[in-house]
Number of protein chains: 2
Amino acid sequence: MTAETDDDTRPATISRVAELAGVSRATVSRVMNGSSTVAPHLAERVRAAAATLNYQPSVLARSLAVGRTSTIALVVPDLANPMFQDVLRSLSHAAATQGHRLLVADSEENVAEERLIAVEARRRCDGLVLCAPRMPDSELAALAPQLAPFVLVNREAPDLSVPSVNVDYAAGIRDLVSHLIGLGHRKVAYLAGPPTSSSNQLRLSTLRGFAAAGRLDLVEHECGATFSDGHAVAGRLIDDVCTAVIAYNDLVAFGALSGLHELGVSVPQQISVAGFDDIPFARYTTPPLTTASVPPSEIGERAWHRLWALLNGQQPEPDARFRPRLVVRGSTGPAAAWS
Amino acid sequence: MTAETDDDTRPATISRVAELAGVSRATVSRVMNGSSTVAPHLAERVRAAAATLNYQPSVLARSLAVGRTSTIALVVPDLANPMFQDVLRSLSHAAATQGHRLLVADSEENVAEERLIAVEARRRCDGLVLCAPRMPDSELAALAPQLAPFVLVNREAPDLSVPSVNVDYAAGIRDLVSHLIGLGHRKVAYLAGPPTSSSNQLRLSTLRGFAAAGRLDLVEHECGATFSDGHAVAGRLIDDVCTAVIAYNDLVAFGALSGLHELGVSVPQQISVAGFDDIPFARYTTPPLTTASVPPSEIGERAWHRLWALLNGQQPEPDARFRPRLVVRGSTGPAAAWS
DNA sequence: TTGTAGGCGTTATCAT
DNA sequence: ATGATAACGCCTACAA
């Protein structure tokens, strides 16, 4: 005696509630949304029916009807990177305060699929926050129409009028260099990040500017963006006669710190090490890491505000640019004669 | 002369493509889904029309029609915790290999809102991976019907038949204790995590078992789950006469390590420190941290497989239980006379 | 092989 | 204040 007509297993629909309450679907909808005025006794009947059927409106159907999902997407190149984890966290938090959820997509540094991932993620949501430091400008420009409304994090929007939230890497590097020069350092190594990373290029050109101005001797090492990269390059550091190292980011600096430690090189007595980002653990390395602090949680928050403005049809605000704050800790010290 | 009828700004619909191609919507649908056999010349016309209109099927409408979103939700209590970040990353990766996206919701340790967040997140998706270590069993049981299909991470499902992926904390603790006892330690401090955390309770009861058996003297310190918690408790550690410390997790162990360092206590000469989890940085602390390694990336992957099985109507597989692997590094050493 | 028509579960407009 | 009814955009029997 299986009842095919009243299937209790499938989620209740607005129609079943309406039927049980003896009203129209429209009335149920009004009650569920607390909208307009519904006669109290009817509203009560509806609520009772909804309760007994354990009715929950379908988010999907509602989204289709109203034309928005209350969801935004975040696309990052590497979820293992603390920077993006922080952006993720703060973005999720900020969006949640306005009742929005976050869909996360990790392109896993796969530049080829990145565009597909971004487009697909965007299409599930109302908007997008895009972290794509390696994507060529041309490709980004071509994609822009499909991604809108969206905001960029950590990269400039060349011509297109896309709001972006980014970090003044040049200023951060300048502060670090000034700090090191003040400590008497002249020969400085730079552990370069991914060559295609725009933020790496910014760091590098700033450093080269100092070198060109004769203010320091710059030694460049191809490195990467991870702990392992920094760790691996430590050996080459002792071949240099540099007294200080600036790493692409804190992770790389960590790796270098660890590698140098294993090689018996003392920091900062023999060599100073500086990072970039100020990720949470930066203050807890031994020695604690001198770095340029960029507040990733503010980045996520700001990105949300930008996107929220766009979603509401407001004009995109001017780009936000965070100036990193120099944080001097124990990993940098006075330059010493190397040998 | 604004044309209201053919609005180019709004995304193209299947109807407009059908119209332009001179076919029915059904045919367009078939072409877009690569399904069944459509006459080549018609298919070509459809593709051309879709291209000129820049048509992309609405994910939303499609989801409503087919009854699934190809999206799963992850609810975690704290996105700042490396453990959950790893689960997030691996889950995202695993789900992506099967064409599914991940919606992330951070309950931010807010137990009160956690149930609402979980239910709401679940309703946007096809399934849910729930990390809710503090949620009372009763509440979880009450919520289960609304959350299904879902899998639990890092907590048991008492009676309800919900697959769970968890860690054999007792075994991990046993390994750590055996290791310490082997080094001659007798008096051991435990830096307890959040009291309501079920995994903390497991750790604790295992430790108390050793104590009850007379195999070690146990000193319990209320602590927490973060670096700061561990850092703050370091001072109390030197008041004990313990020769070893087991921390609730690696973060706490880090904090303790850092605090002890500042207090001039040398590890492991004066006191041994062990963590739990083996988060990425554990191998890079000074000294590197001895810990019970639980592979968070495997957790996410396994959780996905469980959920995927559920989504396909398969019977839930038996619970997965990862036995942590003891990783001995530099932070533990032979017990020394304290004074 | 192609088209017609109904349904997915809401919301919103417009009568009443 | 309430109820038909038509979107929202797509899929899918079923029919032709």
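Throughout, a chain's letter reflects where its sequence line sits, starting with A, and its residues are numbered from 1. The basis for the numbers below is simple: all heavy atoms, side chains too, and nothing from hydrogens, waters or symmetry mates.
- At the heavy-atom level, A:Leu60 lies nowhere under 4.0 Å from the strands shown.
- Inter-axis angle, ends of the helix from C:dT1-D:dA16 to C:dT16-D:dA1, five pairs per end, rounded to 10 degrees: 40°.
- Among the heavy atoms of the strands lying under 4.0 Å from B:Ala39 are primed sugar atoms or P, OP1, OP2 only; no base atom is included.
- Judged by distance alone, the side chains of B:Ser92 and A:Asp106 never bring a donor and an acceptor atom under 3.5 Å apart.
- Electrostatic pairing of B:Glu120 and A:Arg101 counts as a salt bridge here, judged by a charged N lying under 4.0 Å from a carboxylate O.
- Taking A:Glu19 as the reference, nothing meets the side chain to side chain contact (heavy atoms under 4.5 Å, CB included) condition, with sequence neighbours excluded.
- The pair A:Asp137-A:Arg155 meets the salt-bridge criterion, since a charged nitrogen lies less than 4.0 angstrom from a carboxylate oxygen.
- Counted by atom type alone, B:Arg124 and A:Thr71 present one or more donor-acceptor pairs between their side chains at under 3.5 Å.
- Regarding contacts with the backbone of C:dG9, every side-chain N or O of A:Ser58 stays at 4.0 angstrom or more from both OP1 and OP2.
- Each of A:Ser29 and B:Thr27 was matched to the nucleotide of DNA chain C holding its nearest heavy atom; the match closer to the 5' end belongs to B:Thr27.
- The stretch residues 45-53 of chain A has no heavy atom under 4.0 Å from DNA chain C, so no residue of it qualifies as close.
- Atom NE2 of A:His93 has 12 or fewer neighbouring heavy atoms from other residues, nucleotides or ligands inside a 6.0 Å radius.
- In terms of position on DNA chain C, the residue among B:Val66 and B:Val23 whose nearest nucleotide sits closer to the 5' end is B:Val23.
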*For the pair A:Ser90 and A:Ile299, evaluate side-chain contact (heavy atoms from CB on, under 4.5 Å) and give the outcome as yes or no after the intermediate values.*
CA-CA 8 Å; A:Ser90 54; A:Ile299 292 183; 5.8 Å; no

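- A donor-acceptor contact under 3.5 Å is formed by the side chain of B:Arg30 with the base of C:dG3.
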